[in-house]
Trainee: 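One structure, as structure tokens, below. Some questions next.
Position 1 is the first residue of the sequence; numbering continues from there.
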Amino acid sequence: MENRKVYVGYDPEAKEKKPEKGEIVGSKRRAVDHWAEIDLEDLAELIGNQGHSMVPGHLVGGLKAENCTGMQLFALDFDHGITFKEIESRCDQVQIPIAFAYHTFSSTHQNEKFRVVFAHDVLIEDVYIIKIVIAMLYRIFPECDSSCKNLDRIYLGGKELICCNSEARISLVQVYSVFYERLNNNENLRRAIRNFCNKYHILLIDGSAAMGDGRLVDVIMSKIDGMKDSVIYHIIEESIFPSFFVIENRILHQTYTCEEKKKLRKVNIEEKNTC
């Protein structure tokens with residue numbers, strides 16, 4: 001893979017220990033101001049070994065989640081009950097490659113605490129899809145800290161880089177496939193899919209989520225007739241992997257079936273929806 005660079009905001013000032021609460025805001029501001037494309041291996045060294053902080057979300061016009069306009073890196077924190085080797089093994093099994101991982105400042109031999117970072121192959125500028133991706137990753141890795149989903153989050157640097165693969169990139173289609181397998185282990189798959197779709201306003205067609213491999217769009221389209229502003233079609237086409245789509249249902253928690261054909265409006269990712 002030729003492009004080893006990723007988009008991220010990072011604090012140019014390093015820390016030798018976990019910063020105090022009052023210092024974090026300043027670190028976040030500096031990271032947001034230093035949004036750039038950087039070689040992933042260089043980033044891993046800065047964050048994992050040298051203690052620099054990073055903000056994966058591209059925040060424009062402010063430091064809050066609603067200012068997020070894009071994201072390429074997805075980070076998960078693991079603080080209790082599982083080792084990095086176990087997470088690494090799972091990632092290898094499901095073929096979701098880790099870009100880099102590092103021990104956080106509070107990690108000890110007795111209680112290993114670490115952060116795992118995944119890199120999509122292109123910057124995703126559709127915030128709706130970003131939220132869906134984060135939700136799927138949290139279902140695939142339920143052991144991670146569930147309080148770290150906010151799009152404006154700053155991730156503090158660490159004291160030891162565990163691993164780095166500068167060419168590792170995730171495919172959203174692959175993430176969806178693994179996510180679906182996790183749901184399939186649920187004793188009530190249809191209920192699990194319905195609950196997930198209701199929570200994130202994803203269109204349901206005959207009990208299936210209208211999302212996944214973009215090459216299936218024609219199949220989905222054959223079940224939906226006409227045009228309707230309440231349904232929005234999101235797609236990531238720039239990826240070197242198969243394109244990824246989600247059809248968002250703007251009508252709160254309403255399910256569509258083949259007998260109840262609804263209309264669809266196509267939205268170009270260039271519109272850059274906000275949080």
Trainee: Indicate if Val116 and Leu156 have the same hydrophobic cluster label, given that clusters are the connected sets of ILVMFWY residues with side-chain heavy-atom separations under 4.5 angstrom.
Mentor: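 Val116 and Leu156: separate clusters.
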
Trainee: Find the distance between OG1 (Thr104) and CD (Glu112) and round it off to the nearest 0.5 Å.
Mentor: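 It is 9.5 Å, given to the nearest 0.5 Å.
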
Trainee: Any side-chain heavy-atom pair from Leu43 and Val117 closer than 4.5 angstrom?
Mentor: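 Counting from C-beta outward, Leu43 and Val117 never come under 4.5 Å.
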
Trainee: Under a 4.5 Å cut-off applied to non-hydrogen side-chain atoms, are Phe241 and Leu172 in contact?
Mentor: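 In short, these two side chains do not touch, never coming nearer than 4.5 Å.
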
Trainee: Tell me the closest heavy-atom pair linking Gly51 and Phe105, and the distance in Å.
Mentor: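 Closest approach of Gly51 to Phe105, heavy atoms only: CA-CZ, 4.1 Å.
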
Trainee: Do Arg115 and Asp77 sit within salt-bridge range, that is, some charged N less than 4.0 Å from a carboxylate O?
Mentor: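 Counted as a salt bridge, because a side-chain N and a carboxylate O are separated by less than 4.0 Å.
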
Trainee: Check whether Glu41 reaches the backbone of Cys164 with its side chain - one donor and one acceptor, N or O, closer than 3.5 Å.
Mentor: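 No, Glu41 side chain to Cys164 backbone: no donor-acceptor pair under 3.5 Å.
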
Trainee: Does the side chain of Ile162 reach to within under 4.5 Å of the side chain of Ile98, using non-hydrogen atoms?
Mentor: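 A side-chain contact is absent here, since even the closest heavy-atom pair is not under 4.5 Å.
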
Trainee: Any idea which heavy atoms bring Ile193 and Gly207 closest together, and the distance?
Mentor: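 Looking at all heavy atoms of both residues, the closest pair is CG2-O, 3.7 Å.
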
Trainee: Any side-chain to backbone donor/acceptor pair from Lys28 onto Asp152? Under 3.5 Å, distance only.
Mentor: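 Looks like yes, one N/O pair under 3.5 Å.
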
Trainee: Could you check whether any side-chain heavy atom of Tyr138 comes within less than 4.5 Å of a side-chain heavy atom of Cys144, counting everything from C-beta outward?
Mentor: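 With C-beta onward as the side chain, the pair touches.
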
Trainee: Considering non-hydrogen atoms only, spot the tightest contact between Pro97 and Phe118 and give its length.
Mentor: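 Where Pro97 meets Phe118 most closely, the heavy atoms are O-CD2, 3.3 Å.
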
Trainee: Working to the nearest 0.5 Å, report the span between CD1 of Ile202 and CE of Met211.
Mentor: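 Spacing of CD1 (Ile202) from CE (Met211) equals 4.5 Å.
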
Trainee: Is atom NZ of Lys113 surrounded by more than 12 heavy atoms (other residues, nucleotides or ligands) closer than 6.0 Å?
Mentor: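 Counting other residues, nucleotides and ligands, NZ of Lys113 exceeds 12 neighbours.
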
Trainee: Please answer whether the main-chain N or O of Ile140 pairs with a side-chain N or O of Arg90 as donor and acceptor at a distance below 3.5 Å.
Mentor: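 It does hold such a pair.
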
Trainee: Do Asp121 side-chain atoms and Ser239 backbone N/O form a donor-acceptor pair below 3.5 Å?
Mentor: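 It does not hold such a pair.
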
Trainee: Before you tell me yes or no, could you show the steps for Asp11 and Arg30 under salt bridge (charged side-chain N to carboxylate O under 4.0 Å, His left out), namely the whole-Å CA-CA distance, both residues' side-chain angles and the distance that decides it to 0.1 Å?
Mentor: CA-CA 5 Å; Asp11 184 358; Arg30 290 189 296 272; 2.8 Å; yes

Trainee: Rounded to the nearest 0.5 Å, what's the gap from CD1 on Ile240 to CZ on Arg169? Could you check?
Mentor: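 Going from the CD1 atom of Ile240 to the CZ atom of Arg169 covers 8.5 Å.
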
Trainee: Could you check if a side-chain atom of Pro142 sits within less than 4.5 angstrom of a side-chain atom of Arg182, using non-hydrogen atoms only?
Mentor: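 Yes - at least one pair of side-chain heavy atoms lies under 4.5 Å apart.
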
Trainee: Would the number of heavy atoms belonging to other residues, nucleotides or ligands and lying under 6.0 Å from CZ of Arg153 be above 12?
Mentor: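 Count over threshold, so yes.
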
Trainee: Given the rule in the side-chain contact (heavy atoms from CB on, under 4.5 Å) test, do Glu248 and Tyr128 qualify, once you have shown the distances and angles that lead to the verdict?
Mentor: CA-CA 9 Å; Glu248 178 184 6; Tyr128 179 74; 3.5 Å; yes

Trainee: Hydrophobic clustering (ILVMFWY, side-chain heavy atoms < 4.5 Å, transitive) - are Val32 and Ile130 grouped together?
Mentor: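 Result: no, two separate clusters.
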
Trainee: Could you walk me through whether Ile124 and Phe74 satisfy the side-chain contact (heavy atoms from CB on, under 4.5 Å) test, starting with their C-alpha distance in whole Å, then the side-chain angles of each, then the deciding distance to 0.1 Å, before giving a yes or no?
Mentor: CA-CA 11 Å; Ile124 303 175; Phe74 298 86; 4.1 Å; yes

Trainee: Side-chain contact test, heavy atoms from C-beta onward, threshold under 4.5 Å: evaluate it for Lys18 versus Ser106 and give yes or no.
Mentor: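 No; the side chains remain at least 4.5 Å from each other.
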
Trainee: Are any side-chain N or O atoms of Gln174 and backbone N or O atoms of Val94, one a donor and one an acceptor, separated by less than 3.5 Å?
Mentor: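 Yes; judged by distance alone, with no hydrogens or angles, the pair exists.
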
Trainee: In Å, rounded to the nearest 0.5 Å, how long is the span from CG of Leu73 to CZ of Phe100?
Mentor: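 Result: 6.5 Å between the selected atoms.
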
Trainee: Taking the side chain from Ser166 and the backbone from Leu40, do they hold a donor-acceptor pair closer than 3.5 Å?
Mentor: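 No: the side chain of Ser166 does not pair with the backbone of Leu40.
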
Trainee: Side chain of Asn67, backbone of Lys64: donor and acceptor closer than 3.5 Å?
Mentor: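 Such a contact is found between Asn67 side chain and Lys64 backbone.
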
Trainee: Grouping I, L, V, M, F, W and Y whenever their side-chain heavy atoms are under 4.5 Å apart, do Tyr7 and Met54 come out in a common cluster?
Mentor: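 Tyr7 and Met54: separate clusters.
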
Trainee: Just so I know, are the side chains of Cys91 and Ile87 near enough to count as touching, which here means a heavy-atom distance under 4.5 Å?
Mentor: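 Cys91 vs Ile87: side chains touch.
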
Trainee: Which heavy atom in Ala209 sits nearest to a heavy atom in Leu204, and how many Å separate them?
Mentor: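 For Ala209 versus Leu204, the nearest heavy atoms are N-CD2, 4.1 Å.
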
Trainee: When the ring centroid of Phe78 is compared with that of Phe114, is the distance short of 6.0 Å?
Mentor: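 Distance test on ring centres: under 6.0 Å, yes.
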
Trainee: Verify the cluster assignment for Met136 and Leu151: are they in a single hydrophobic cluster under the rule of side-chain heavy atoms below 4.5 Å apart?
Mentor: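 Yes; Leu151 is reachable from Met136 via cluster members.
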
Trainee: Quick check against the 3.5 Å criterion: does Lys15 have a side-chain atom that pairs as donor or acceptor with the backbone of Ser53?
Mentor: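 Pair absent, no side-chain N/O of Lys15 close to backbone of Ser53.
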
Trainee: List the atom of Trp35, the atom of Leu123, and the distance in Å for their closest heavy-atom pair.
Mentor: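 Taking Trp35 first and Leu123 second, the nearest heavy atoms are CZ2-CD1, 4.1 Å.
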
Trainee: Closest approach of Ile96 and Ile170, non-hydrogen atoms and distance?
Mentor: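 Smallest interatomic distance, heavy atoms only, reads CG2-CG2, 3.7 Å.
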
Trainee: Are the side chains of Asn111 and His80 in touch, meaning some heavy atoms are under 4.5 Å apart?
Mentor: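 Side-chain contact under 4.5 Å: yes.
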
Trainee: Are Tyr10 and Leu59 grouped together when hydrophobic residues (ILVMFWY) are joined by side-chain heavy atoms under 4.5 angstrom apart?
Mentor: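 In one cluster: no.
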
Trainee: Less than 4.0 angstrom from a charged side-chain N to a carboxylate O is my criterion; do Arg4 and Asp39 meet it?
Mentor: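 Judged by the 4.0 Å cut-off on N to carboxylate O distance, Arg4 and Asp39 do form a salt bridge.
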
Trainee: Could you tell me the separation between the NZ atom of Lys131 and the NZ atom of Lys199, rounded to the nearest 0.5 Å?
Mentor: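 Rounded to the nearest 0.5 Å, the NZ-NZ separation comes to 12.0 Å.
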
Trainee: When rounded to the nearest 0.5 angstrom, what is the spacing between CD1 in Ile232 and CD1 in Ile247?
Mentor: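 Between Ile232 CD1 and Ile247 CD1, I get 11.0 Å after rounding to 0.5 Å.
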
